[in-house]
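What follows is a single structure, written as structure tokens, with notes after it.
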Amino acid sequence: MQLDLEIDATGLKCPLPVLRLQKRLGEAAPGQVVRLLASDPMAAIDVPHFCAEAGHAFLGTEDGGPVPAFLVRKGG
């Protein structure tokens, strides 16, 4: 999968990771894929919920790195 943007929200607490994601998605073109790095445990709930409410596709979580990564495709 091709990644278009990466956002490092490591160390930020709710709601800042989702707010950073929202801002960067506003600048992205429809269909672009964004990887959000977020260490806040609430991101596992907040990111899918935000995607469902805002019309973006939550593509899943990558847990292989030092920080969980959340993949989102911008809706259009």
Side-chain angles (χ1 to χ4, degrees):
M1 172 183 324
Q2 177 184 340
L3 294 174
D4 299 296
L5 300 167
E6 184 169 273
I7 303 163
D8 187 357
T10 303
L12 299 179
K13 298 295 180 192
C14 179
L16 293 177
V18 170
L19 292 176
R20 291 240 174 126
L21 176 62
Q22 181 180 28
K23 180 179 179 183
R24 293 296 299 271
L25 283 171
E27 302 166 356
Q32 285 190 311
V33 176
V34 176
R35 176 189 283 152
L36 172 69
L37 302 174
S39 55
D40 182 9
M42 290 303 296
I45 297 168
D46 293 342
V47 173
H49 182 261
F50 164 74
C51 291
E53 292 294 315
H56 306 298
F58 178 65
L59 303 177
T61 305
E62 295 177 341
D63 292 322
V67 176
F70 303 89
L71 301 173
V72 176
R73 184 181 315 276
K74 181 174 179 173

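No experiment lies behind these values; they were computed from the predicted model shown.
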TODO: Can you spot which of Leu71, Leu59, Leu5 makes a side-chain contact (heavy atoms from CB on, under 4.5 Å) with Val34?
DONE: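 Among Leu71, Leu59, Leu5, the one that satisfies the side-chain contact (heavy atoms from CB on, under 4.5 Å) with Val34 is Leu5.
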
Open item on the list: What I'd like to find out is whether the side chain of Leu37 reaches to under 4.5 Å of the side chain of Arg35, using heavy atoms alone.
Closed with: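 Of all side-chain heavy-atom pairs linking Arg35 with Leu37, at least one is under 4.5 Å.
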
Open item on the list: Less than 4.5 Å apart, side chain to side chain, heavy atoms only: is that true for Asp46 and Pro17?
Closed with: no

Between [X] and [Y], what is the shortest heavy-atom contact and its length?
| X | Y | value |
| --- | --- | --- |
| Asp63 | Pro68 | OD1-CB, 4.0 Å |
| Ile7 | Leu21 | CD1-CA, 3.8 Å |
| Asp4 | Gly31 | OD2-O, 4.5 Å |
| Pro30 | Gly76 | CB-CA, 3.8 Å |

Task: Inter-residue atom distance Ser39.OG - Lys13.NZ, 0.5 Å rounding - done: 6.0 Å

TODO: Hey, could you give me the CZ/CD distance between Arg73 and Gln32, rounded to the nearest 0.5 Å?
DONE: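 One finds 10.5 Å between CZ of Arg73 and CD of Gln32.
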
Open item on the list: Could you check whether any side-chain N or O of Lys74 sits under 3.5 Å from a backbone N or O of Leu25, counting only pairs where one atom can act as donor and the other as acceptor?
Closed with: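 Answer holds: yes.
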
Open item on the list: Ring centroids only, cut at 6.0 angstrom: are His49 and Phe58 within range, meaning strictly under it?
Closed with: no

